[in-house]
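In what follows, chains are A, B, ... by sequence order, proteins preceding strands, each numbered from 1.
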Amino acid sequence: MKSWTRREFGRLTGAALLTALNQPKARGQAKARVVVVGGGIGGATVAKYLASSATAVDVTLVEPRQSYTTCFFSNLYLAGRRPFESLGHGYEALARQYGITVIHESAAAIHPAAKTVALNNGSKLSYDRLVVAPGIAFRDRALEGYDDAAMEIMPHAWNAGQQTRLLRQQLESMEDGGLFVLVAPPNPFRCPPAPYERASLVASYFQRRKPKAKILILDAKDSFNAQDLFQDAWNRHYPGMIEWLPAQFTGGVTAIDAKTRSMITAGGTFKAAVANVIPAQMAGRLAQQAGLANRSGWCPVDPVTFESALQPGVHLVGDAIIGGDMPKSAFCANSQAKACAFAIAADLTGSARFPAHLFNTCYTYLAPDDAFSNAISFKPVDGKLKSVISFVSKVEESSEVRRQAARAAEGWYDAFTHDVFG
Amino acid sequence: MRPVARSAIATGLVLLVSQSGVAAETDQGAQLAATCASCHRLDGGGTGIPSIIGLGEERLTNALLAYRASESSNHIMHVIALSLSDEEIASVARYVAKQGSNPR
Ligand SMILES: Cc1cc2nc3c(=O)[nH]c(=O)nc-3n(C[C@H](O)[C@H](O)[C@H](O)COP(=O)(O)OP(=O)(O)OC[C@H]3O[C@@H](n4cnc5c(N)ncnc54)[C@H](O)[C@@H]3O)c2cc1C
């Protein structure tokens, strides 16, 4: 009999794959099978913690990309403060050290009744439990004229990768004195402080290289996350460079014209030299197609086990869920993923259950050497995830405290990506 | 003196109970330590965020108790520690203290 390497296994297709997966184990003991779809922050963490805490479970991770590019710290790349390569993380350690079967394919459909997942290459995977962590998608027709072609001219860069590189190229080739327009999305969206962190770090780049350039934020909201901290920093670091227009002044952006790089609002049309358009969001497409999302566009889950409220046997973590008070952040996705992995392990193997601990901790850059942090703990209360205790940096903190936070953030990136992919 | 047989049974029982107790305790410590791992590398590597490896159970316990008591030194650790019971602090400190240091 041939003994497959993981790489070869990843290339198996069709019936061969199904047979291989259903092959009884050496001693005839069938292991429970968990399939995780989406190898981003949430999915990779579930896979790793299930594989390392429950040896009686076979874990398969389905993710189309060979390397994951983190959104977090991508704003530092946009500011020229980090190489693009430093944002990439492969799946080798998950396969090698934790025995996870990694299949680089997209899931095309989920069949909860048959407990199977169909992959784009035509093969099918059977599962005892399924975890879906597809991240976000953009809402259809949220912004008139913002189609696939327009995204190549006015990038969103809200899923990191080629889009992020494109935005960086445009910022680099923009003339001094040009206008950079950032269209900020309505709530709820991936990473509430991130549009404003992006404006801050792009401003730090302009200040060094294109001091006459201006930044205009066209917001779909009338207020935003940590607004006092951002506005204080904009006055201190980049006086006169960043202008924020809330929805009450413009009515918000309703359409874009890619040919002229223009944003159209009820209050007027704004023409950009470089535009970063971040549209309204919803749970990833697969969750929509599989009936895992409700009319809000997001997925309701049990706050203890993260099992879908709509499809039994299917769990969801990360940005795609209705997280209650938990923001859509990588930290929350990772925290939910651990609780979900331990709950699935307890269900499948009878291991002990303990109360889960859910947190968000976030470092946000105002300038390369000025970062603030926050920390929130959460608890399931009456079927919802409620925040319990919350702390955030203060406006009047010393620059030394902020420098230390910027340094701690670097350490966090290293430890966190190691926790997810290492 | 107690009859030999009875004491053997009694010892066996105690052993059984304490063994499953140890397993559950280790699981709880490991699950709590998963939270630590979101910011602290448990292999002792990393910079920028203080290492929690090689400190010993008592120092870890005392540090968590101090973070829980006061916000002043670090608001992130204050929030984390406030969510932990005395028993959970003991259990995570015991688990983390046992993690070896082999920085890469
Ligand atoms: C600019 C920016 C800065 C940010 N900064 C921070 C920060 O500092 N701290 C923080 O905590 N968070 C930050 N975030 C948020 C963070 O990136 C997200 O919250 C996090 O990635 C969510 O994880 P997820 O697993 O839900 O989704 P993702 O990480 O997006 O993963 C989803 C995965 O699913 C895969 N997938 C999708 N569909 C399928 C399918 N059909 N089949 C198979 N696979 C599929 C995708 O390829 C992807 O790999 C930031 C975000 C942005 C945009």
For chain B, find which of [options] contributes the most heavy-atom pairs closer than 4.5 angstrom.
| options | answer |
| --- | --- |
| A:I389, A:T361, A:N374, A:D414 | A:D414 |
| A:S377, A:A408, A:S335 | A:A408 |
| A:F354, A:Y49, A:F331 | A:F354 |
| A:A375, A:S351, A:A339 | A:A375 |

Contact part of [X] toward chain B, heavy-atom cut-off under 4.5 Å: side chain, backbone, both or neither?
| X | result |
| --- | --- |
| A:S393 | both |
| A:K394 | side chain |
| A:V420 | neither |
| A:L358 | neither |

Answer yes or no: are there more than 12 heavy-atom neighbours, outside [X] itself, under 6.0 Å from its atom [atom1]?
| X | atom1 | result |
| --- | --- | --- |
| A:R403 | CZ | yes |
| B:E87 | CD | no |
| A:K384 | NZ | no |
| A:R407 | CZ | no |

CD1-CD1 distance between A:I376 and B:I76, expressed to the nearest 0.5 angstrom:
11.0 Å
A:D419 CG to B:H40 NE2 distance, which is reported to the nearest 0.5 Å:
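Atom-to-atom, A:D419:CG and B:H40:NE2 are 11.5 Å apart.
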Given B:C39, which partner from the list A:Y363, A:F359, A:F416, A:W412 fulfils the side-chain contact (heavy atoms from CB on, under 4.5 Å) test?
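Only one option passes, and that is A:W412.
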With chain A as the partner, which of B:S38, B:A37, B:A30 has the greatest number of non-hydrogen pairs under 4.5 Å?
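Ranked by heavy-atom pairs under 4.5 Å with chain A, first place is B:S38.
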Greatest number of heavy atom pairs closer than 4.5 Å to chain A - which of B:G46, B:A34, B:P50:
B:A34
Any idea which heavy atoms bring A:P355 and B:E88 closest together, and the distance?
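The pair with the smallest heavy-atom distance is CG-OE2, 4.4 Å.
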Would you name the heavy atoms of B:Q31 and A:A352 that are closest together and state the gap between them?
NE2-O, 4.1 Å
Using non-hydrogen atoms and a 4.5 Å limit, figure out which bit of B:I80 sits close to chain A: side chain, backbone, both or neither.
both
Do A:H357 and B:S83 pair up side chain to side chain, a donor and an acceptor below 3.5 Å, judged on atom types alone?
yes
